[in-house]
Chemist: 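So that we are looking at the same thing, I have put the structure below in structure tokens.
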Amino acid sequence: MSKKIAVLIAMTISLVACNKSAEVKEIKTAYVDTSILMKQYTEANNLEAKYKAKAEEKGKQLETEINRFKQEAASFQSQAQANGQAWAQQKGAELQRREQQLGQAQQALSQELQQEGATEMDSLVVKVKKFIKAYGKEKGYAYIYGTGDAATVLFAEEKYDITKDIIKLLNDKYKSSVKTEENVETKK
């Protein structure tokens, strides 16, 4: 008799467990193509343009010095014959030092711009992640995956792609924040 009771209890437990698993609701998921997002997000494009302009501006100053150096280096050969070997060695060493300094200045400028740009881009990425997290909570998603250049999702049906929605909302939010900033500056 105790075996029958144990079997009945086991069957009852398995029936209850089956009913509970049948009650599991569907998990809502989606994904965002992050490479498309960053290409079409206005703030990211503005940030990229800002650093491109900054690089061109600072690069022009350095380019002027480089052109001056090239002119001196070109005239060096004709002057070397006229001024003798001692002058040529001294001037040659000076030109080498200047060439090294210009190379270091180019490298330093490039690193400075990369660091500044990377810092702002990291900040932008954090802001986008927070936005997507809030969007996911508001829309009832259990998961929002990222695809794109650093994809962790190997396959997803297109019907779960919310990239366009996120881009539109982020761009709208950015446009309104830019307008607010412009209004504040106009009133000053």
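Quick note: numbers below take in every heavy atom, side chains included, and nothing from hydrogens, waters or symmetry partners.
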Chemist: Heavy atoms, side chains only, cut-off 4.5 Å: are Y31 and I144 in contact?
Modeler: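 Side chain of Y31 against side chain of I144, heavy atoms only: no contact under 4.5 Å found.
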Chemist: Test side-chain contact (heavy atoms from CB on, under 4.5 Å) on E65 and F69; report intermediate values, then the result.
Modeler: CA-CA 6 Å; E65 289 182 48; F69 168 78; over 6 Å; no
Chemist: Is E72 salt-bridged to K91, cutoff N-O under 4.0 Å?
Modeler: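 Salt bridge: yes.
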Chemist: Looking at S110 and Q106, would you say the former's side chain and the latter's main chain have a donor-acceptor pair under 3.5 Å?
Modeler: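 No, the answer is negative, given that no donor and acceptor are paired below the 3.5 Å cut-off.
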Chemist: Please walk me through it: do K52 and E56 pass side-chain contact (heavy atoms from CB on, under 4.5 Å)?
Modeler: CA-CA 6 Å; K52 187 175 182 178; E56 287 175 7; 3.9 Å; yes
Chemist: Using 0.5 Å steps for rounding, measure from the NZ atom of K173 to the NZ atom of K168.
Modeler: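 If we round to the nearest 0.5 Å, K173:NZ and K168:NZ are 14.5 Å apart.
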Chemist: For K54, give me all partners under salt bridge (Lys or Arg N to Asp or Glu O under 4.0 Å), at least two apart in sequence or on another chain.
Modeler: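 For K54, the residues satisfying salt bridge (Lys or Arg N to Asp or Glu O under 4.0 Å) (neighbours in sequence not counted) are E116.
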Chemist: Hey, mind stepping through E43 and L170 against side-chain contact (heavy atoms from CB on, under 4.5 Å) and telling me if it holds?
Modeler: CA-CA 9 Å; E43 187 174 4; L170 278 169; over 6 Å; no
Chemist: Using only heavy-atom distances, determine whether the side chains of Q114 and Y51 contain a donor-acceptor pair under 3.5 Å.
Modeler: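 Short answer, no.
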Chemist: Would a 4.5 Å heavy-atom cut-off, applied to side chains only, mark M121 and M38 as touching?
Modeler: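 They are in side-chain contact.
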Chemist: For the residue pair E112 and K58, what are the closest heavy atoms and their distance?
Modeler: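 Closest heavy-atom pair between E112 and K58: OE2-NZ, 2.8 Å.
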Chemist: Indicate yes or no: at least one non-hydrogen side-chain atom of L169 is less than 4.5 angstrom from one of F131.
Modeler: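 Side-chain contact under 4.5 Å: yes.
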Chemist: Using only atom types and a distance under 3.5 Å, with no angle test, would you say the side chain of D33 pairs donor to acceptor with the backbone of T163?
Modeler: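 Not confirmed, D33 side chain does not pair with T163 backbone.
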Chemist: Locate the shortest heavy-atom distance separating A73 from L95; write the atom from each residue and the value.
Modeler: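 Nearest pair, atom of A73 first, then L95: CA-CD1, 4.1 Å.
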Chemist: Can you tell me if T29 uses its side chain to pair, donor with acceptor, with the backbone of Y143 under 3.5 Å?
Modeler: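 Not at all, since once roles are kept as given, no pair shorter than 3.5 Å links the two residues.
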Chemist: Checking K127 side chain against D122 main chain: does a donor-acceptor pair fall under 3.5 Å?
Modeler: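 The answer is no, because no donor-acceptor pair under 3.5 Å joins these two groups.
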Chemist: Could you tell me whether a side-chain N or O of N45 sits under 3.5 Å from a main-chain N or O of K39, the two making a donor and an acceptor?
Modeler: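 Judged by distance alone, yes, a pair lies under 3.5 Å.
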Chemist: Out of I162, V32, L37, D172, which one pairs with I167 under the side-chain contact (heavy atoms from CB on, under 4.5 Å) rule?
Modeler: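 Filter result, single survivor: L37.
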Chemist: Using 30° and 60° as the class boundaries, would you call the ring planes of Y174 and Y41 parallel, tilted or perpendicular?
Modeler: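 Correct class here is perpendicular.
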